[in-house]
Amino acid sequence: MLVFNERKAIVSFLEPLIAQKKTIGFVPTMGALHDGHLSLLDKSLKENDVTVMSIFVNPTQFNNPEDLEKYPRNLESDVSKVEAFNKNVLIFAPSVSHIYKNNVTSENFDFDGLENQMEGKYRPGHFDGVGTIVKRLFEIIRPTNAYFGEKDFQQLQIVKKMVEKVNLPVNVIGCPIFREKSGLAMSSRNERLSKEAKEKATIIFKILKAGKKYFEEHSALATQSFVEKEFSKHQDFKLEYFDIAEEKTLLPCIRKSKKKKYRGFVAVFIEDIRLIDNIGL
Ligand code: AMP
């Protein structure tokens with residue numbers, strides 16, 4: 001099992017493979033790995049000659065310092081999980097100073113407005129941080145294919161947009177949301193929930209599914225009210241937003257069109273932990 005901490009070392013390792021035209025699959029993560037991350041890894045292993053997973057808690061994408069501080073980190077256990085899953089995966093786990101030197105700041109990106117909706121509205125600067133780290137990691141790893149979860153659907157669209165705008169030779173591949181049996185979307189942040197809260201959080205997907213059904217017969221606005229009302233019945237939850245948006249542009253759905261694909265997106269606090277989820281409508 002190879003774990004690289006330095007750019008130079010992984011670049012030297014990958015260079016001859018890239019020269020031999022081997023395909024490189026890349027799965028960027030912030031660690032605290034769960035089966036959702038492993039599902040991305042699985043797809044990459046099947047579709048590429050070489051698979052790299054990065055584990056890096058990226059400070060510039062956190063708008064809330066407490067969230068950054070409390071983000072679960074355990075490299076040793078992450079490496080063991082990957083090793084048990086597949087020993088051929090290469091891990092890249094650099095330090096913050098290695099990636100950012102003394103300048104822990106983001107580049108400014110224009111994602112054609114994708115950055116102004118939902119997560120972008122509530123987490124100022126978040127997507128500049130995401131763009132900055134993904135671009136840097138792509139420059140180091142030079143992947144053929146990069147795998148991102150639909151769990152962070154807006155992030156997936158943002159990365160696709162960045163690749164198009166910066167003109168990077170990477171295929172960005174979206175992967176379905178991996179859920180617990182209970183329906184709760186797997187997330188590293190679930191680790192911070194109490195057992196009770198984790199059980200209560202199963203309501204999120206139930207409400208999303210009810211919202212999907214409601215949307216079949218009602219407008220976006222009515223569905224939004226319906227979902228908000230459903231969440232208000234559960235006092236432990238603080239709903240930040242529920243939005244129905246078009247998948248490609250992420251613009252809010254004003255009037256339904258049969259030609260467009262929509263998704264319902266939710267961000268909700270439970271025990272002060274912010275969870276996000278989404279559903280295709
Ligand atoms: P993170 O470590 O949370 O930054 O996530 C790393 C990658 O894994 C991102 O592309 C996420 O969208 C993806 N991911 C996280 N949770 C899930 C999940 N439950 N199902 C599928 N992909 C996921």
Side-chain angles (χ1 to χ4, degrees), residues 25-47 51-64 67-68 70-75 77-79 81-82 85 89 91-94 96 99 114 118-119 123 126-127 129-138 141 143 145-163 170-193 198 201-202 204-205 208 247 250 263 265-268 273-280:
F26 180 41
V27 181
T29 80
M30 298 206 295
L33 300 178
H34 50 67
D35 289 351
H37 294 118
L38 298 184
S39 72
L40 270 58
L41 212 46
D42 191 44
K43 193 163 162 64
S44 174
L45 284 159
K46 285 184 179 134
E47 295 179 357
T51 287
V52 181
M53 171 181 259
S54 63
I55 298 179
F56 180 69
V57 181
N58 174 38
T60 60
Q61 72 187 70
F62 284 81
N63 54 310
N64 176 347
D67 190 25
L68 172 61
K70 293 198 169 152
Y71 199 85
R73 295 166 171 90
N74 192 341
L75 184 59
S77 119
D78 285 342
V79 171
K81 264 183 211 164
V82 176
F85 187 68
V89 174
I91 292 186
F92 181 49
V96 172
I99 292 289
L114 292 175
M118 301 177 293
E119 291 299 281
R123 301 185 66 187
H126 170 64
F127 287 122
V130 169
T132 302
I133 188 60
V134 173
K135 185 166 159 244
R136 283 188 196 186
L137 290 171
F138 280 2
I141 307 297
N145 300 305
Y147 297 82
F148 289 82
E150 289 182 350
K151 161 80 173 29
D152 303 280
F153 193 87
Q154 190 172 7
Q155 169 176 276
L156 168 66
Q157 302 300 59
I158 290 262
V159 172
K160 283 184 179 166
K161 180 65 74 182
M162 186 199 64
V163 161
V170 185
N171 301 313
V172 177
I173 296 166
C175 307
I177 303 175
F178 211 78
R179 297 180 180 280
E180 308 269 4
K181 275 205 191 88
S182 64
L184 177 65
M186 288 192 184
S187 163
S188 304
R189 287 187 175 85
N190 295 352
E191 271 190 26
R192 293 180 50 208
L193 296 173
K198 206 171 164 189
T202 59
I204 299 170
F205 188 49
L208 284 182
E247 284 197 352
L250 299 179
R263 248 169 209 267
F265 295 86
V266 67
V268 62
I273 294 156
R274 189 173 183 279
L275 301 177
I276 58 168
D277 199 350
N278 66 82
I279 192 168

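On a predicted model such as this, the values are computed, not experimentally measured, just so you know. Both counts, for ligands and for their atoms, begin at 1 and track the order of listing. Just so you know, residue 1 is the first one in the sequence shown, and it goes up from there.
Under the 3.5 Å distance criterion, the side-chain polar atoms of E191 are left unmatched by any main-chain donor or acceptor of P72. Formation of a donor-acceptor pair under 3.5 Å by the S188 side chain with backbone atoms of A32 is found in this model. Checked by atom type and distance alone, the side chain of N278 pairs as donor or acceptor with a backbone atom of E150 at under 3.5 Å. Distance alone, capped at 3.5 Å, is enough to place a donor-acceptor pair between the R136 side chain and the I99 backbone.
Looking from atom 10 (O) of ligand 1 to the surrounding protein, the closest heavy atom is G149 N, 2.9 Å. For atom 11 (C) of ligand 1, the nearest non-hydrogen atom of the protein is D152 OD2, 3.1 Å. Counting only heavy atoms of the protein, atom 20 (N) of ligand 1 lies nearest to F178 N, 2.8 Å.
Heavy-atom contacts of F148 reach the following atoms of ligand 1: 10 (O) (cutoff under 4.0 Å). Atom numbering of ligand 1 starts at 1 in the shown order; those under 4.0 Å from a heavy atom of T29 are 2 (O), 6 (C). Counting the atoms of ligand 1 from 1 in the order shown, those under 4.0 Å from a heavy atom of M186 are 16 (N), 17 (C), 18 (C), 19 (N).
Here the straight-line distance linking atom OH of Y147 with atom OG of S39 works out to 12.0 Å at 0.5 Å rounding. The CG atom of N145 sits 12.5 Å away from atom CZ of F26, with the distance rounded to the nearest 0.5 Å. Here the straight-line distance linking atom CG of D78 with atom CE of M53 works out to 8.0 Å at 0.5 Å rounding. Rounding to the nearest 0.5 Å places CD1 of I276 at 4.5 Å from CG of D152.
Contacts between L156 and ligand 1, counted as non-hydrogen atom pairs separated by less than 4.0 Å, are absent for every part of the residue. When non-hydrogen atoms are compared, ligand 1 lies under 4.0 Å from the backbone of P176 (N, CA, C, O) but not from its side chain. Of the heavy atoms in P28, only backbone atoms (N, CA, C, O) come closer than 4.0 Å to ligand 1.
The closest approach between a heavy atom of H34 and any atom of ligand 1 is below 4.0 Å.
When the options M30, K151, H37 are ranked by their closest heavy atom to atom 5 (O) of ligand 1, first place goes to H37.
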